[in-house]
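Okay, structure first, notes after.
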Amino acid sequence: MALRRALHFVFKVGDRPKTATFYREVLGMKILRHEEFEEGCKATCNGPYDGKWSKTMVGFGPEDDHFVAELTYNYGVGEYQLGNDFLGLTLQSSQAVSNAKRLGWPLTQVEEALYLTQAPGGYPFYIVDKEQPAHDPVQKVSLGVSDLQRSTHYWAKLLGMTVMDRSEEKKTVLLGFSDSQCKLELRDVGGKVDHGTAFGRIAFSCPIDQLPDIEALMKKENEKILTPLVSLDTPGKATVEVVILADPDGHEICFVGDEAFRQLSAVDPKGNELLDKAMAEDKSDEWFAKHNKQKAAA
């Protein structure tokens, strides 16, 4: 399945300015594009919310050859409850370690040349303290599972990923579509997977003609399909087709047609400016403070 590739992980964020600081100034990522929406996404990209929201793509380089983060911000929602589903994103950048130390961003050394930090909202990030590579510094995304054997079968046999490493001691399996891409690490959490309200989504692309086959296979195997094959329109941009699945533990998985997605995901040189403008115009924090209220906790 070399034609399939890992694209991004979706994080719900409650504090957009602090989140922007983490990704831009601590990790050293770039704003690749920013979009504002007046109503919820019909593929629930922003979660089960139907109000105004925004999407910000951030990464070390273009989505064509980098695994990036999709930050979704729902206006009026200030925080989300974490579960044990998302266990971390690992990247390699000694510059990010230096940035965190310089900015006073909390860091915990977990082993030699490896630090743990948190994005706003509590999402764990592991930073390998080595020189940032010329290719994508993002190495893997770690997700919790309740039955490692069953999950490995789902991701390898049904979705076509290759098992690249196993650890009986750590109860982990590492999978990927190719050596050059961000990998997926499954880790047995020894019990039920709790997604909280902060639950994310991992996205992959594939040739558009594979989407009906993926959907048909999941129907045949009686696996969950959250959103049957649907077209998503972005005004002025490409229309993409997606099918959204859930693995045995309920992790959301989006497969999108690669050809249209490459057009949709082109870097917008105004992305940084658009994010800053949206944050400056978002007076919700001031409104809630003025009325002595707090934003909703999802």
Side-chain angles (χ1 to χ4, degrees), residues 5-9 11 13 18-30 58-61 65-69 71 82-146 148-149 151-152 155-156 161-191 193-194 196 198 200 202 249 251:
R5 62 190 179 100
L7 298 177
H8 57 255
F9 193 85
F11 297 95
V13 304
K18 193 173 182 182
T19 297
T21 295
F22 175 74
Y23 284 94
R24 287 193 291 203
E25 297 180 32
V26 177
L27 297 186
M29 289 184 174
K30 300 178 179 68
V58 294
F60 288 104
D65 50 14
H66 289 75
F67 188 84
V68 310
L71 311 176
L82 292 175
N84 63 350
D85 53 343
F86 175 76
L87 301 179
L89 184 148
T90 302
L91 60 97
Q92 179 177 318
S93 173
S94 55
Q95 184 59 57
V97 173
S98 298
N99 292 345
K101 290 178 178 178
R102 175 174 51 83
L103 295 168
W105 201 277
L107 276 178
T108 302
Q109 187 164 2
V110 292
E111 57 184 66
E112 186 178 358
L114 182 66
Y115 289 86
L116 169 64
T117 189
Q118 290 183 344
Y123 302 107
F125 278 67
Y126 291 90
I127 306 175
V128 179
D129 191 9
K130 294 181 181 177
E131 185 177 354
Q132 189 170 307
H135 55 84
D136 187 8
V138 179
Q139 298 179 344
K140 65 181 179 182
V141 171
S142 301
L143 300 179
V145 300
S146 60
L148 192 56
Q149 184 175 352
S151 292
T152 302
W155 289 90
M161 298 187 95
T162 299
V163 174
M164 298 184 167
D165 193 23
R166 296 177 188 265
S167 171
E168 297 293 335
E169 180 186 356
K170 296 180 180 178
K171 296 183 179 178
T172 59
V173 170
L174 189 72
L175 305 104
F177 283 121
S178 79
D179 281 332
S180 61
Q181 294 182 25
C182 173
K183 311 300 188 299
L184 173 68
E185 181 182 69
L186 304 177
R187 189 185 311 162
D188 196 322
V189 295
V193 175
D194 173 16
I202 191 164
D249 287 296
H251 290 290

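All heavy atoms count here, side chains included; hydrogens, waters and symmetry mates do not. Numbers here simply count residues along the sequence, with the first being 1.
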Taking [X] for its side chain and [Y] for its backbone only, find out whether a donor-acceptor pair lies under 3.5 Å.
X	Y	answer
Lys183	Gln181	yes
Trp105	Gln118	yes
Asn84	Asp194	yes

Residue pairs meeting salt bridge (charged side-chain N to carboxylate O under 4.0 Å, His left out), one or both in residues 92-102, sequence neighbours left out, come to none
To the nearest 0.5 Å, what is the distance between [atom1] on [X] and [atom2] on [Y]?
X	Y	atom1	atom2	value
Leu174	Arg187	CG	CZ	11.5 Å
Asp85	Asp249	CG	CG	9.5 Å
Leu71	Met29	CG	CE	9.0 Å
Thr162	Asp179	OG1	CG	8.5 Å
His66	His135	NE2	NE2	9.5 Å
Asp65	Ser180	CG	OG	9.5 Å

Partner residues of [X] under the side chain to side chain contact (heavy atoms under 4.5 Å, CB included) criterion, sequence neighbours left out:
X	value
Leu148	Val145, Thr152, Val173, Leu186, Asp188
Leu114	Val110, Glu111, Tyr126, Val128
Ala119	Phe22, Tyr23, Tyr123, Phe125
Ser94	Asp129

Would you please name every residue forming a side-chain hydrogen bond (donor to acceptor under 3.5 Å, both in side chains) with [X], sequence neighbours left out?
X	value
Gln132	Ser93
Gln95	Asn99
Ser98	none

Contacts satisfying side chain to side chain donor-acceptor pair (under 3.5 Å) that involve residues 165-176 (not counting sequence neighbours) are none
Heavy-atom closest pair, residues [X] and [Y]:
X	Y	result
Gly121	Leu82	O-CD1, 3.3 Å
Ala6	Cys182	CB-O, 3.9 Å
Phe177	Arg5	CD1-N, 4.3 Å
Gly61	Val68	O-CG1, 4.0 Å

Quick one: side chains of residues 136-144, donor-acceptor pairs under 3.5 Å with protein atoms, not counting sequence neighbours, listed by atom name and distance.
unit_1	atom_1	unit_2	atom_2	d
Asp136	OD1	Val138	N	3.1
Asp136	OD2	Phe67	N	2.7
Gln139	NE2	Gln92	OE1	3.1
Lys140	NZ	Glu185	OE2	3.0
Ser142	OG	Glu185	OE1	2.7

**Q.** Heavy atoms from other residues, nucleotides or ligands near CD of Glu131 exceed 12 (cutoff 6.0 Å)
**A.** no
Exercise for review: Just do the side chain to side chain contact (heavy atoms under 4.5 Å, CB included) check on Thr117 and Val26 with the steps written out, would you?
Suggested key: CA-CA 10 Å; Thr117 189; Val26 177; 5.6 Å; no
By ring pair (Phe, Tyr, Trp, His ring centres under 6.0 Å), His251 pairs with (sequence neighbours left out) His195
Tyr115 meets the ring pair (Phe, Tyr, Trp, His ring centres under 6.0 Å) criterion, sequence neighbours left out, with none
Open item on the list: Determine whether Leu27 and Val58 satisfy the following criterion, side chain to side chain contact (heavy atoms under 4.5 Å, CB included), listing intermediate values before the conclusion.
Closed with: CA-CA 10 Å; Leu27 297 186; Val58 294; over 6 Å; no
